[in-house]
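These notes are about the structure you will find just below.
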Amino acid sequence: MRKNLIIAVFALVSTVAMAQEKCFWVFFTDKNDTQFDPYSYFDAKAIERYNQCGADLYDISNYPLNDSYINAVNTYSTEVFGESRWLNAIGVEATDDNANRIAQLPFVARVQEIVSSGTMARVKTEFKETEDDKNEILTDQLIRFGGQHFIDKGIDGKGLRICVMDGGFPKVNTHPAFQHLRDNHQILKTYNFPNKIEDVYGWSTHGTMVLSCIAGINDKGQKLGLATGAEFLLARTEIDPEPFKEEVWWAQGAEWADKNGADIINSSLGYGKDRHWTKDMDGTSYVAKAANKAVEKGILICNSAGNEGDDNRWMTIITPADAENVLCVGGINADLEKYIHIGFSSYGPSADKRLKPNVVAFGQASVANPSNDKFTDAFGTSFASPLTAGFCACAWQTMRNKTALQMKAEIEKSADLYPYFDYAYGYGVPQAAYFTGDLMPAERSFNLVQEKDGVRIVFPKIIDKQYTFINVEGADGVLLGYYQVAPDSTGIYLKNKDFGEGKKLNVSYNGFYDSCPISGMGGDVNLLANNRNSQNGTFKKVDAEGWQKTTYFQYDYNLPDATWNGFNRHFTFGRRWMYGKSYKIGMGLGLDWNRFVAKGQIPGAMEIADRETTMRQMQLRGELLQRVVIRLWGINWDLGVYGGINALRRVKVVDNMKWQDPEGNPIQPYKSKVTSYYNHCRAMNLFEYGVTTRISYSIANLVNIGVYGSYRLSPVITKEDFLLGSPSNQPSPWSVGIEIEVAP
């Protein structure tokens, strides 16, 4: 019976996992029987962009979906929550069984579960009023781009149309940072894809801060973003939290931007570690495909690299920043003197080892405060991306004959490290002087001197607060190592044997770049002691193909009854190994301490005795479990079984006695205390097993805090009436308590 119960527990959670509503992409085989007129569908500015970049207005990707296909699928789904012309697909919510039925329809090419969870690439926001006594028209975040060159030429993004896709835009319709946009009617259209309405002026505050980094002006008249003259489309495509639907809404938002004439899309959003593996960040996700399609149609996309730089389990960027044609933007410290990667900004390369991020900007920005009419500081690559998007609008204003792909290349060439690159900085920070004709050629700041056993970087002059950027590049263009170091008057010496044959050394210092081949006896790259991203020439695939380790702590109580009425406690410490994303299987191993206490009296004795029986166990415990991750609410639900060996078992009996007369009346207080220890192997069971369940809440995917319960199927006491007067019944099999689970 107990065996059947264990099997039933696992069957129950498996059934629940299969029966719950999930989200799926449904891809159709064709667009038969559909009609399309681009001149009635597209905004005039979109048609102008198509003609300018040579894209085909009549491309089949622009045709609508077949309504009869959608209606047929809808009969098996709970909801059709989105459509993508470009992907010839719809997003549906359905059970696994109905998804299988949909897959059998003759016009359905395939059905694929949506396995991504959207995150806004913000780290944190400091809600305090910013103090800035400077009189410059630009804030530091724009000075870093050399933005004054745009100001001097009157370049502000005019003529460019920017779509901002985010989670909401509260107070954009009232905040003074956007007064100029409202006065000049520069916000042309809005759409809320989750709610299917035009109102976007609510929900997440993230989009308000992002927009201010593109075109905001603070209360001192300083620009927060460079593109104050651009036009805007505001699209709400995110719900926080909403684990499944955002990729569909993102694709819809990109198509809406295309239809309405956007030149640039800023996406401070990403889909990554919650439900993807690092190997998936190779530009093949459906949202990455939609992003590449947008670029083909002439739209430049700026996307945050992500904020996983501090997470050793996720050593790459997020999608759609991994798309080949997307301008992926990382973050640096908000410092005009020191050029330092900001810790949380995600490192490249992409999973297939392409260069990412492409460029960087400040990862800390001054933004409009959505809570009032003031301004605040915010942290995250969410803000590096829109700062760059505003820069791109101004840059493109100077080169309106360029296509989106050509402009992406020009933005990279304008960056202050180009042609040097690495996986922390990309090509560096784009510079306005490149586009205004004011860029001065860099003076030689170092020499590469070939010596007998290596290469020495010699610095004729040390420049204060300037770092040297160094990388070693393989024959395939993939970096084997890179680091950043202050120069030394004696130079920096690099031994050939540390690198091996056929490698290339690239160096950038104070705007000057040089390179040379490396020859020698061979060996592993070991430059990167300072930059964890190298891994001696290998791309680290964290939590590799699935196993994630956590440490857990449990503290619970065995439920008391009339006999076992003492302080019965239970403490466990251990490790778990889990495989999966939304549905996980796992195992755990831990040490468990139990304490059971029974209090009572010995009946029929000449003396009255209060007896306390204490049983203690130390147990090596293993568990097998299943976890259903309900990301909509950040909830984890576990069901599993456990088994353990009681390595230490001890029974302690304490009798507190007082005498009584023949009539049964006590004649004196407690006389003495007698302590007895009994054979623990005889008294307590060697093996224990049972079932467990827990519900926990996930905080930032790093800590799970929840309630825990277990039901013991095995007995604790092995011998009935093992001691005269001690309880012969088993302690309650139920225990409840709390658990904390922490990722390493």
Side-chain angles (χ1 to χ4, degrees), residues 23-77 79-92 102-112 114 161 163 165 188-189 191 193 196 198 233 235 237 245-263 265 267 284-301 320 323-326 403-405:
C23 293
F24 298 90
W25 281 110
V26 178
F27 296 90
F28 297 130
T29 56
D30 56 69
K31 291 185 176 181
N32 293 342
D33 303 322
T34 61
Q35 303 295 321
F36 178 63
D37 177 11
Y39 294 95
S40 61
Y41 174 77
F42 284 117
D43 181 273
K45 199 168 188 307
I47 294 173
E48 177 186 335
R49 188 191 69 241
Y50 267 74
N51 291 333
Q52 191 270 331
C53 72
D56 182 6
L57 285 168
Y58 289 93
D59 187 87
I60 191 63
S61 64
N62 290 334
Y63 277 63
L65 277 62
N66 187 310
D67 286 337
S68 65
Y69 295 174
I70 297 173
N71 293 334
V73 169
N74 198 24
T75 61
Y76 297 103
S77 68
E79 178 190 6
V80 175
F81 57 82
E83 304 176 9
S84 171
R85 293 187 177 204
W86 293 351
L87 301 177
N88 194 20
I90 60 176
V92 303
I102 292 170
Q104 302 305 312
L105 296 173
F107 47 80
V108 171
R110 66 188 181 280
V111 175
Q112 184 166 333
I114 300 175
R161 190 170 294 180
C163 176
M165 303 204 303
L188 303 183
K189 287 191 176 183
Y191 198 75
F193 286 91
K196 297 180 174 60
E198 292 186 355
L233 306 168
T237 61
K245 300 177 182 178
E246 293 99 333
E247 278 202 47
V248 178
W249 293 330
W250 197 100
Q252 280 191 289
E255 293 177 26
W256 178 79
D258 174 48
K259 174 183 177 181
N260 288 292
D263 299 294
I265 290 175
S267 168
T284 59
S285 71
Y286 289 110
V287 71
K289 291 178 180 179
N292 280 332
K293 181 67 72 173
V295 178
E296 289 175 15
K297 296 175 184 294
I299 301 174
L300 177 65
I301 297 182
E324 173 69 25
N325 297 330
V326 167
T403 67
L405 260 180

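These numbers come from a predicted model, not from an experiment.
- Listed by chain and residue number, Lys293 satisfy the salt bridge (Lys or Arg N to Asp or Glu O under 4.0 Å) test with Glu296 (two or more places apart in sequence, or in another chain).
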Starting from the C-alpha separation in whole Å, work towards a yes-or-no answer on side chain to side chain contact (heavy atoms under 4.5 Å, CB included) for Asp258 and Tyr50.
-> CA-CA 10 Å; Asp258 174 48; Tyr50 267 74; 3.0 Å; yes

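- Considering every non-hydrogen atom in both Asn292 and Ala323, the closest pair reads OD1-CB, 3.6 Å.
- Taking the side chain as every heavy atom from C-beta outward, Leu105 and Tyr76 approach each other to under 4.5 Å.
- Using modelled atom types, one side-chain atom of Asn51 and one backbone atom of Ile47 make a donor-acceptor pair closer than 3.5 Å.
- The closest donor-acceptor contact from the side chain of Thr29 to the backbone of Ala109 lies at 3.5 Å or more, if one exists at all.
- Summarising the geometry, atom NZ belonging to Lys259 is positioned 11.5 Å from atom CG belonging to Asn62; distances are rounded to the nearest 0.5 Å.
- Looking at heavy atoms from C-beta onward, Ile90 lies in side-chain contact with Phe28 at the 4.5 angstrom threshold.
- You'll find the side chain of Phe24 stays beyond 4.5 Å of the side chain of Ser77, heavy atoms only.
- Of the possible polar contacts, one joining the Lys31 side chain to the Ser61 backbone as a donor-acceptor pair under 3.5 Å is found.
- Listed for the Glu247 side chain is no donor-acceptor partner under 3.5 Å among the backbone atoms of Ile114.
- A salt bridge links Asp43 with Arg161: at least one charged nitrogen is closer than 4.0 Å to a carboxylate oxygen.
- Checked by atom type, the side-chain pair Thr237/Gln252 shows no donor-acceptor distance below 3.5 Å.
- Within the 6.0 Å centre-distance limit, the rings of Phe27 and Tyr286 are counted as a close aromatic pair.
- Every residue two or more places apart in sequence or in another chain that forms a ring pair (Phe, Tyr, Trp, His ring centres under 6.0 Å) with Phe36 is listed here: Tyr41, Tyr63.
- Legend: residues meeting ring pair (Phe, Tyr, Trp, His ring centres under 6.0 Å) with Phe81, ordered by chain and number and at least two apart, are absent.
- Under the rule for a salt bridge (Lys or Arg N to Asp or Glu O under 4.0 Å), Glu48 has no partner lying at least two apart in sequence or in another chain.
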Under the side chain to side chain contact (heavy atoms under 4.5 Å, CB included) criterion, do Arg49 and Ile299 qualify, and how do the steps go?
-> CA-CA 8 Å; Arg49 188 191 69 241; Ile299 301 174; 3.8 Å; yes

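- Taking every heavy atom of both residues into account, Ala235 and Cys163 meet most closely at CB-SG, 4.3 Å.
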Side chain to side chain contact (heavy atoms under 4.5 Å, CB included) assessment of Asn88 paired with Leu65 = CA-CA 6 Å; Asn88 194 20; Leu65 277 62; 3.9 Å; yes

Validation: residues 66-73 side-chain donor-acceptor distances under 3.5 Å, sequence neighbours left out:
residue : atom : partner : partner atom : Å
Asn66   : OD1  : Ser68   : N            : 2.9
Asn66   : OD1  : Ser68   : OG           : 2.4
Asn66   : OD1  : Tyr69   : N            : 3.4
Asn66   : ND2  : Asn32   : O            : 2.7
Tyr69   : OH   : Asp30   : OD1          : 2.7
Asn71   : ND2  : Asp67   : O            : 3.2

Walk me through it: do Asn325 and Ile301 pass the test side chain to side chain contact (heavy atoms under 4.5 Å, CB included)?
-> CA-CA 8 Å; Asn325 297 330; Ile301 297 182; over 6 Å; no

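- The distance from atom CZ of Arg110 to atom CD1 of Ile102, rounded to the nearest 0.5 Å, is 14.5 Å.
- Applying the salt bridge (Lys or Arg N to Asp or Glu O under 4.0 Å) test to Glu79 and every residue at least two apart in sequence or in another chain returns Lys245.
- Considering only heavy atoms from C-beta on, Leu300 stays 4.5 Å or farther from Asp263 through its side chain.
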